[in-house]
K.L.:
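First the structure, which I've put down as structure tokens, then a few questions once you've had a look.
Note that these values count all heavy atoms, side chains included, but never hydrogens, waters or copies made by symmetry.
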Amino acid sequence: MALLALSHVEFGYGSDTILDDVTVAVEPGRKIGVIGQNGTGKSTLMRLLTGALEPTDGVRTTGRGARIAFQAQELVVDPGDTVRDQMRRVFAAELARADRLAEIETALAADPDADTQRRLLGEYERLQREHEAAGGYEVERRIATVLSSLGLPKSAWDQAVDRFSGGERNIIGLAGVLLSRPDVMLLDEPSNHLDTWGLEWFVDFVRGTDRAIVMVSHNRYVLDRCVDEIWEVRKGHVTAWTGNYSSFREQKQKALDLQERQFRVQEKEIARLEFQARRQRDMANAYDDPAQARRAKNMERRAERLRKVDAPDRTEDRFHASLRGGKRHGDIALAVDGLTVAYGDRTILDGVELTLEYGDRVCLVGPNGCGKTTLFHEVLAERADDDTSVRIGAGVIVGEYSQLHDVLDHSVPLLEFVADATRLTNSESANLLHRFLFTRDDLQRSIGTLSGGEKSRVQLLRLAHAKVNLLLLDEPTNHLDIQACEQLEAMLADYDGTLLVISHDRTFLDGLVNRVVEIRDQRLHVMTGTFSDWWDAKRAAGEDTRRAALELRSVRAADTDAKSAAREEREARKARQRELRRLQREIQRLEARIVRLEEQQEALTTRLQAAYEPGSDPDVARAISVELADIQGEMKSLYSDWERAASALEEV
């Protein structure tokens with residue numbers, strides 16, 4: 001039975017239909033990738049699946065008891081919440097149970113009466129079984145593993161979430177969903193802000209988990225490695241395809257080719273019937289023959305009934321531009337020599353060196369926060385004439401693409417910004433914007449209201465018009481859909497200048513760069529080859545896992561480690577409880593024996609006093625004295641044993 005399903009769902013605003021007659025289902029364990037151009041309704045589909053939107057028509061159903069978690073692109077948190085607070089909220093039940101177990105341990109150590117002790121021990125054993133079944137002993141380990149593996153260092157876990165960037169908040173939200181282990185995870189662009197190490201860990205996690213996952217993604221590497229079904233959102237409809245993204249591309253091409261052949265056969269037969277119908281109608285008119293007219297009418301009806309196959313729609317909304325046209329610069333495009341960058345006591349880059357020659361295609365890689373964007377900023381910064389740490393070559397015109405879109409003025413209308421940036425007239429600017437898929441209604445929108453994909457197209461428009469010969473691109477594919485990524489790849493393949501790019505999109509990089517520069521230990525390490533060549537070398541050297549992270553090569557291996565650790569902790573707890581109960585029983589035994597001996601001592605003391613009265617038998621007094629001395633000796637030993645047991649109880 002499906003965990004989550006939409007049946008004949010429609011959704012729209014007023015007369016504007018966004019999704020029409022959508023029927024999809026999420027089965028247990030399925031990994032589904034949602035693809036489609038920006039603006040086609042992918043996020044709307046996800047919100048319908050979560051139940052955040054009510055369909056205009058149709059039904060949303062969920063399996064009985066199915067737990068569903070949604071990771072949106074924007075994380076909303078309470079003011080002041082830390083990363084650790086957010087993660088611990090996921091485990092509220094487990095942490096409450098752990099607190100109760102600790103309370104019971106304290107109560108047992110206070111030496112309750114026998115009935116209370118039995119009740120507490122019964123509750124403790126029941127809660128312990130529940131805690132183990134729920135993975136309660138693994139909570140802190142799981143939090144540490146997921147956060148560090150996704151790229152959030154331990155130093156950040158106790159910082160307020162609202163201090164982090166949008167990309168880091170996206171990762172925090174993703175971590176919360178992965179930790180919650182629901183039956184269905186709904187993820188919206190989960191890999192957008194992960195570095196290479198975090199991306200590889202995420203891929204391993206998805207491949208290893210038994211939970212169902214539906215993810216919107218434009219990352220073709222992730223879609224190929226992770227999913228077994230594709231939902232294509234196109235022109236208001238959702239089509240399900242079996243297999244990963246590459247399989248989808250192949251299947252769709254074959255389907256379009258078949259539809260093309262069927263359409264041509266159909267149109268040929270329709271043309272023949274229509275020709276025959278025209279001849280019959282002409283003959284009917286010429287000879288005033290009703291029979292010929294009826295035959296003509298029947299042929300026209302046959303032709304109309306044949307119209308079952310539409311012409312295949314191979315069109316996609318694509319922008320039309322080229323990055324070519326910049327003048328050739330000299331042999332050296334960029335020279336970095338002995339550059340050091342530090343913020344306070346923290347050194348980001350330490351005496352780094354890098355030379356880019358004309359036509360080089362280089363990608364800059366490294367974990368988030370290692371200094372990639374910092375190096376870009378240093379290249380673009382104005383420098384004193386005597387500062388030779390960064391030199392731009394003669395004739396070089398630098399163009400920058402910023403992943404934060406901070407090169408755009410978010411307060412001005414789109415048309416005004418483009419006209420100012422390009423020095424074109426309003427009419428020319430409008431035509432240029434139209435080539436980048438902006439409509440007339442978009443022209444007066446302020447740039448701050450544009451989506452991430454639309455802002456990306458504005459940046460590409462600037463670069464295409466500027467005719468630059470050194471491109472610095474910082475995560476250019478982050479907000480582009482797959483079609484736009486492929487267009488950008490084609491533009492860069494045709495680009496005749498020098499390229500330095502930061503990206504974690506493996507498919508994008510593999511077809512583009514011929515040199516990889518890794519920032520590691522505040523220095524630059526250069527390797528000739530593709531991105532995959534570099535990553536294969538890292539893997540062979542055992543450097544494909546994050547050093548700061550708790551390694552998790554697969555979910556199964558992690559589960560084994562976690563269960564082993566939990567088992568050890570559980571056995572240790574049981575051992576402490578056994579020792580606690582043994583010491584409590586020992587103390588009770590000692591105290592009972594001491595009480596009895598004290599009573600005997602008191603009786604013997606009374607008898608001894610009577611034995612020393614005049615006329616008493618001296619032998620009786622001596623016998624009582626010996627017995628009294630034995631009791632006092634035993635009591636002294638018992639007091640020593642009691643003190644040791646009480647001290648040991650405090651330490652348990």
K.L.:
Which value, rounded to the nearest 0.5 Å, describes the distance between H465 atom NE2 and L424 atom CG?
P.N.:
4.0 Å

K.L.:
Rounded at 0.5 Å granularity, tell me how far CG in D474 sits from CG in L364.
P.N.:
9.0 Å

K.L.:
For the atom pair CE (M215) and CE (M46), what is the distance rounded to the nearest 0.5 Å?
P.N.:
9.5 Å

K.L.:
Only one of Q253, R261, K254, Q259 forms a side chain to side chain donor-acceptor pair (under 3.5 Å) with D257, so which one is it?
P.N.:
Q253

K.L.:
Over all heavy atoms of both residues, which pair between V407 and S402 is shortest? Give the atoms and the distance, please.
P.N.:
CG1-CB, 4.1 Å

K.L.:
If you take all heavy atoms of V26 and A212, which pair is closest and at what distance?
P.N.:
CG1-CB, 3.7 Å

K.L.:
To the nearest 0.5 Å, tell me how far L450 CG sits from F417 CZ.
P.N.:
10.5 Å

K.L.:
Hey, mind stepping through V83 and F164 against side chain to side chain contact (heavy atoms under 4.5 Å, CB included) and telling me if it holds?
P.N.:
CA-CA 10 Å; V83 176; F164 289 89; 3.6 Å; yes

K.L.:
Using the side chain to side chain contact (heavy atoms under 4.5 Å, CB included) rule, take E416 and D420 through it: C-alpha gap first, then chi angles, then the decisive distance, then the call.
P.N.:
CA-CA 6 Å; E416 179 183 334; D420 287 345; 3.9 Å; yes

K.L.:
With a 4.5 Å cut-off on side-chain heavy atoms, are V365 and C363 touching?
P.N.:
yes

K.L.:
Using the test salt bridge (Lys or Arg N to Asp or Glu O under 4.0 Å), find all partners of R523 that sit at least two apart in sequence or belong to another chain.
P.N.:
none

K.L.:
Charged N to carboxylate O under 4.0 angstrom, E357 versus R515?
P.N.:
no

K.L.:
Give a yes or no on whether the backbone of N38 and the side-chain of D481 come within a donor-acceptor separation of less than 3.5 Å.
P.N.:
yes

K.L.:
Does the gap between the ring centers of F205 and F202 come in under 6.0 Å?
P.N.:
no

K.L.:
Can you see which heavy atom on E543 is nearest to which on W197, and at what distance?
P.N.:
O-NE1, 3.2 Å

K.L.:
Any donor and acceptor pair, going by atom type alone, linking the side chain of T530 with main-chain N or O of D533 inside 3.5 Å?
P.N.:
yes

K.L.:
Verify, without hydrogens or angle tests, whether T340 (side chain) and G351 (backbone) share a donor-acceptor contact under 3.5 angstrom.
P.N.:
yes

K.L.:
Mark yes or no for whether D442, through its side chain, and T439, through its backbone, hold a donor-acceptor pair below 3.5 Å.
P.N.:
yes

K.L.:
What do the steps show when you test N192 against Q403 for side chain to side chain contact (heavy atoms under 4.5 Å, CB included), and what is the final call?
P.N.:
CA-CA 11 Å; N192 251 12; Q403 68 165 318; over 6 Å; no

K.L.:
Taking C-beta and beyond as the side chain, do L199 and N219 meet within less than 4.5 Å on heavy atoms?
P.N.:
yes

K.L.:
Side chain of N469, backbone of G395: donor and acceptor closer than 3.5 Å?
P.N.:
yes

K.L.:
Has the side chain of H193 got a donor or acceptor atom that lies under 3.5 Å from a matching backbone atom of N170?
P.N.:
no

K.L.:
Less than 4.5 Å apart, any side-chain heavy atom of D188 and any of V34?
P.N.:
no

K.L.:
For the side chain of R361 and the backbone of L492, is there at least one donor-acceptor N/O pair under 3.5 Å apart?
P.N.:
yes

K.L.:
How about D387 and S389: does a side-chain donor come under 3.5 Å of a side-chain acceptor?
P.N.:
yes

K.L.:
Step by step, work out the side chain to side chain donor-acceptor pair (under 3.5 Å) result for Q37 and T40.
P.N.:
CA-CA 6 Å; Q37 291 191 274; T40 55; over 6 Å; no

K.L.:
Quick check: closest heavy atoms across R506 and Y221, and the distance to 0.1 Å?
P.N.:
NH1-OH, 3.1 Å

K.L.:
Mark yes or no for whether K42, through its side chain, and G36, through its backbone, hold a donor-acceptor pair below 3.5 Å.
P.N.:
yes

K.L.:
Tell me whether the count of non-hydrogen atoms from other residues, nucleotides or ligands lying under 6.0 Å of CZ in R264 goes above 12.
P.N.:
no

K.L.:
Hey, does L512 have a side-chain heavy atom less than 4.5 Å from the side chain of E489?
P.N.:
no

K.L.:
Look at the aromatic rings of W535 and F531 and report parallel, tilted or perpendicular, splitting at 30° and 60°.
P.N.:
parallel

K.L.:
Enter the distance from L178:CG to L187:CG here, rounded to the nearest 0.5 Å.
P.N.:
6.5 Å

K.L.:
What I want to check is whether the side chains of T498 and H329 have a donor and an acceptor closer together than 3.5 Å.
P.N.:
yes

K.L.:
For the atom pair OG1 (T44) and CG (L49), what is the distance rounded to the nearest 0.5 Å?
P.N.:
11.0 Å

K.L.:
Test your reading of the model: is there a side-chain donor-acceptor pair from D224 to the backbone of N244, 3.5 Å cut-off?
P.N.:
no

K.L.:
Of the options I172, L174, I171, which is the one that meets Q71 in a side chain to side chain contact (heavy atoms under 4.5 Å, CB included)?
P.N.:
L174

K.L.:
Do the side chains of V146 and W201 get nearer than 4.5 Å, heavy atoms only?
P.N.:
yes

K.L.:
Counting only heavy atoms not in D536 (residues, nucleotides, ligands), do more than 12 fall under 6.0 Å from its CG?
P.N.:
yes

K.L.:
Under 4.5 Å between any side-chain heavy atoms of I482 and L223, yes or no?
P.N.:
yes

K.L.:
Which heavy atom of G529 sits nearest to which heavy atom of V516, and what is that distance?
P.N.:
O-CG2, 3.9 Å

K.L.:
Would you say the side chain of V352 lies within less than 4.5 Å of the side chain of L354, judging by non-hydrogen atoms?
P.N.:
no

K.L.:
Identify the heavy atoms of E475 and S503 that sit nearest to each other, and give their distance.
P.N.:
OE1-CA, 3.4 Å

K.L.:
So, K31 side chain and R211 main chain: donor-acceptor pair closer than 3.5 Å or not?
P.N.:
yes

K.L.:
Please evaluate residues F376 and L500 with respect to the criterion side chain to side chain contact (heavy atoms under 4.5 Å, CB included), reporting the C-alpha separation (whole Å), side-chain torsions for both, the decisive distance (0.1 Å), and the verdict.
P.N.:
CA-CA 9 Å; F376 268 30; L500 181 60; 3.6 Å; yes

K.L.:
Please examine the side chains of K372 and I519, heavy atoms only from C-beta on, and report whether any two atoms are closer than 4.5 Å.
P.N.:
yes

